[in-house]
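Have a look at the structure below, then the notes.
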Amino acid sequence: MENQEVRVRFAPSPTGGLHLGGVRTALYNYLFARKNKGKMILRIEDTDRTRFVEGAEAYIKESLEWCGIELDESPWDGGDFAPYRQSERKPMYMEYAQRLVDQGKAYYAFDTAEELEAMRERLKAARVVAPQYNVITRMTMKNSLTLPQDEVKKRLESGEPYVIRIKVPRKEQIRFNDLVRGWVTVQSASIDDKVLMKSDGMPTYHLANVVDDYLMKISHVIRGEEWLPSAPLHVLLYQYFGWNTPDFAHLPLILKPNGNGKLSKRDGDKLGFSVFPLQWVDPSNPDKSSTGYREQGYLSEAFVNFLAFLGWNPGKGSQKEIFTKAELIEEFSIERIGKSGAKFDIEKVKWYNQQYLRNLPNAELAEFLKADLQKHQIEESQDRIEQVCELMKERITFGNELWQESQYFFMTPTQYEEKVIKKKWNQQAVNVLTEFRLELEKLADFSGTNAKQTLYDVTQNQGIKMGKVMQAVRVAITGVGSGTDLTAIIEWLGKDEVIARIDTALETLKDRVKA
RNA sequence: GCACCAUUCGUCUAGGGGUUAGGACGCCGCCCUUUCACGGCGGUAACACGGGUUCAAAUCCCGUAUGGUGUACCA
């Protein structure tokens, strides 16, 4: 496949929300395309109408947009190989299936669901290892290989439902080189005669996938490992058609954090973290929605960075972990993708988000806060909001924690953290606070530093260590026992507000003074 | 059951014949800080097992075990 333009595709099924694994597959395809100056294509694989879910397609589109995964060709952007929905390509597939039938590489089968079930039961009873429709069993079934030609013709003409199955050779070795795993060899005998065309006239995944990848000139098939077992069938199909096979790269799966199995859509709510990039609402059950990373306050750059590193790393002894999208594109290579599944770790995503949040300009961070301020009808200047962001950015993991953690800047506390009051609200503290607010009033040149010096002088005066009463002062001013630098808080609030808050605390808590 | 794939700290991973087996997350400790954090420093902890090949194996080969995926007219 050298000297050919790199064209890769992400081919999801619109059967629900796109989950983490899918996003990562799309991401790797995208990084590979950009790295190699190729094209990124999105194809909707909606050949199973029974599983179609309303809204899933829009969700996929929005998710990719949020992640910054840009598409060169898609149902929405169009392209030279349109349409990009398999349901809209339906008429094309029969021609190819027919070609295989004509060449004796596929055949019609008329077996009903009951007959198939009976066959499997029979084989199971006979202790046949794998009850499959294959090179052996096909001769006992109702198909164009066993039925007389004129009867086949009659059945077809009468409109009797049928499928087209691939005729897998008896004893052949099928080999292909996987870019992640190396050479994979499979005996044809272990592959069954998979259905290519369903009785509703739609192709199965296998046929549609191979035909479309060929027609769309896909150079590299990068997809999840769950496809590895059927890859030999696809290779056989390419051979039957006489087409060059694209290069394959089967990605290791993203596993559940607690041990076994691949991460599934349902794990999110069960395990206490999200498996969806965006909130997903099931249209058939609107009460049940699964939250997404975006809604939880994750920055998409952090999410993408994390995902890229789940199963891939740039190697070369690199210890850098924070990569912009441009850097990921620059460094990406299929060779550096790991072979084994990676367990999902929510702590690491949080860490990534923290890192990205810190590097965010205050103006951007301020947007999170502004929404909440508006909700609470608090007016504050852009400048002062950004000051708060600067003070808070190193203490939070999520943007939407900002309000929660910085409320005391904007609102006079009405409640005081019980734990701190119990421990620290004693006569000593009250004495210090009382004198402190008096001294503060006299303070001509107010600033955080000067206020702190004043507090220090007061404690010295009363023969108390400043550290002893510090938390009481903090709780009086902010209502909570921990928060950002108190000096900075005092400076931001200003003299009058600080004095007012101390007065309020002294009054509110006058009956709580510990002996 | 059968087929295919995988296996380095709890987790993500680097390392691909000679390394004190490196980093990150988490956890723990210390330092900094007259407050809260950030931060800095340090600690904890891994080559699944058994055979080979070799002067030398985490690294190459073969088994075993464990785990994963697949085995639909789903994708």
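Remember, it's a predicted structure, so these values are computed and weren't measured experimentally. Just so it is clear: chains get the letters A, B, ... in the order the sequence lines come, proteins before strands, and each one is counted from 1.
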**OP:** Nearest whole angstrom, please: distance from the P of B:U33 to the CG of A:L486.
**Re:** 18 Å

Original post:
Is the gap between the ring centers of A:Y356 and A:W351 under 6.0 Å?
Top reply: no

Subject >> Whether A:F344 and A:F306 hold their rings parallel, tilted or perpendicular, with breakpoints at 30° and 60° >> reply: perpendicular

Subject >> Rounded distance in Å - CD (A:E347) to C1' (B:C9) >> reply: 17 Å

Original post:
If you look at every strand shown and take non-hydrogen atoms under 4.0 Å, does A:T15 touch a base, only sugar-phosphate, or nothing?
Top reply: nothing

**OP:** Classify the nucleic acid contact of A:T185 as base, sugar-phosphate or nothing, counting any heavy atom under 4.0 Å across all strands shown.
**Re:** sugar-phosphate

Original post:
If the P atom of B:G50 is compared with that of B:A65, how far apart are they to the nearest Å?
Top reply: 15 Å

Subject >> Anti versus syn assignment for B:C38, with syn defined as within 90° of 0 >> reply: syn

**OP:** On the 0 to 90° scale, with breaks at 30° and 60°, tag the A:H234-A:Y205 ring pair as parallel, tilted or perpendicular.
**Re:** tilted

**OP:** Taking atom C1' in both B:U54 and B:G40, compute the distance separating them and give it to the nearest angstrom.
**Re:** 46 Å

Original post:
What integer number of Å spans the P atoms of B:G22 and B:A58?
Top reply: 15 Å

Original post:
Who does B:U54 pair with, Watson-Crick or G-U, both distances under 3.5 Å?
Top reply: none

Subject >> Sugar-phosphate, base or nothing in reach of A:Y205, heavy atoms under 4.0 Å >> reply: base

Original post:
What pair of heavy atoms forms the shortest contact from A:P12 to A:L18, and how long is it?
Top reply: CB-CD1, 4.5 Å

Original post:
Paired with B:U64 by Watson-Crick or G-U wobble geometry, both distances under 3.5 Å: which nucleotide is it?
Top reply: B:A48

Original post:
Can you tell me how far P of B:U69 sits from NZ of A:K339, to the nearest Å?
Top reply: 19 Å

**OP:** Considering only atom C1', compute the distance from B:U33 to B:G39 and round it to an integer number of Å.
**Re:** 11 Å

**OP:** Would you kindly check whether a donor in the side chain of A:R358 faces an acceptor in the base of B:C38, or vice versa, at under 3.5 angstrom?
**Re:** no

**OP:** For B:A6, take OP1 and OP2 only and decide whether either is under 4.0 Å from a side-chain N or O of A:R181.
**Re:** no

Original post:
Which is true for A:D111 with a 4.0 Å heavy-atom rule: it touches a base, it touches only sugar-phosphate, or it touches nothing?
Top reply: base

**OP:** Could you pick out which residue, A:Q319 or A:R120, lies toward the 5' side of RNA chain B when each is mapped onto its nearest nucleotide?
**Re:** A:Q319

**OP:** Give none if B:C41 has no partner; otherwise give the nucleotide forming a Watson-Crick or G-U wobble pair with it, both distances under 3.5 Å.
**Re:** B:G29

**OP:** By nearest nucleotide on RNA chain B, pick out whichever of A:Q355 and A:N313 is the more 5' one.
**Re:** A:N313

Original post:
Is any side-chain N or O of A:K198 closer than 4.0 Å to OP1 or OP2 of B:C74?
Top reply: yes

Original post:
Hey, does A:V163 reach any base, or is it just sugar-phosphate, or nothing, if we go heavy atoms under 4.0 Å?
Top reply: base

Original post:
Heavy atoms under 4.0 Å, any strand shown: does A:K262 hit a base, just sugar-phosphate, or nothing?
Top reply: sugar-phosphate

Original post:
Looking for any heavy atom pair under 4.0 Å, which part of the strands does A:G311 touch: base, sugar-phosphate only, or nothing?
Top reply: sugar-phosphate

Original post:
Is any side-chain N or O of A:T47 closer than 4.0 Å to OP1 or OP2 of B:A75?
Top reply: yes

Original post:
Between B:A75 atom P and A:L207 atom CG, what is the distance in whole Å?
Top reply: 11 Å

**OP:** Assess whether one donor atom and one acceptor atom, taken from the side chain of A:K194 and the base of B:A72, lie less than 3.5 Å apart.
**Re:** no

Subject >> Interatomic distance, A:I490 CD1 vs B:U34 C1' [rounded to whole Å] >> reply: 13 Å

Original post:
When you compare B:U13 with B:U71, how far apart are their P atoms, in angstrom units rounded to a whole number?
Top reply: 25 Å

Original post:
Of the options A:W227, A:W183, A:F176, which is the one that meets A:F248 in a ring-ring contact (aromatic ring centres under 6.0 Å, His included)?
Top reply: A:F176

**OP:** Just name whichever nucleotide pairs with B:A14, Watson-Crick or G-U, keeping both distances under 3.5 Å, else none.
**Re:** none

**OP:** Taking all non-hydrogen atoms of both residues into account, name the closest pair between A:Y416 and A:V475 and its distance.
**Re:** CD2-O, 3.2 Å

Original post:
If the P atom of B:C49 is compared with that of B:U59, how far apart are they to the nearest Å?
Top reply: 10 Å

Original post:
NA contact type, A:L253, heavy-atom cut-off 4.0 Å: base, sugar-phosphate, or nothing?
Top reply: sugar-phosphate

Original post:
Hey, is the side chain of A:K348 poking within less than 4.0 Å of OP1 or OP2 on B:U11, counting only N and O atoms?
Top reply: no

Original post:
Using purine N1 to pyrimidine N3 plus N6-O4 or O6-N4 for Watson-Crick, or N1-O2 and O6-N3 for G-U wobble, both under 3.5 Å, which nucleotide pairs with B:U19?
Top reply: none

Original post:
Can you find a donor-acceptor pair, distance only, under 3.5 Å between A:S199 side chain and B:C73 base?
Top reply: yes

**OP:** Could you measure between the two P atoms, the one in B:C5 and the one in B:G43, and give it in whole Å?
**Re:** 41 Å

**OP:** Would you classify A:R336 as touching base, sugar-phosphate or nothing, given that sugar-phosphate means primed atoms plus P, OP1 and OP2, and contacts are heavy atoms under 4.0 Å?
**Re:** sugar-phosphate

**OP:** Name the nucleic acid region contacted by A:R51, choosing base, sugar-phosphate or nothing; use a 4.0 angstrom heavy-atom cut-off, strictly under.
**Re:** base

**OP:** Please report the C-alpha distance between A:D46 and A:Q86 in whole Å, then the side-chain angles of each, then the deciding distance to 0.1 Å, and finally whether the side chain to side chain donor-acceptor pair (under 3.5 Å) criterion is met.
**Re:** CA-CA 6 Å; A:D46 54 350; A:Q86 288 184 330; over 6 Å; no

Subject >> Nucleotide opposite B:U71 in a Watson-Crick or G-U pair, distances under 3.5 Å >> reply: B:G1

**OP:** Please give the nucleotide sitting opposite B:U59 as a Watson-Crick or G-U wobble pair, both distances under 3.5 Å, or none.
**Re:** none

Subject >> Distance in angstrom units between A:N209 CG and B:A75 P, rounded >> reply: 10 Å

Subject >> Spacing of the P atoms in B:G18 and B:C60 (rounded, Å) >> reply: 11 Å

Subject >> NZ/NE/NH1/NH2 to OD/OE distance under 4.0 Å, A:R336 and A:E331 >> reply: no

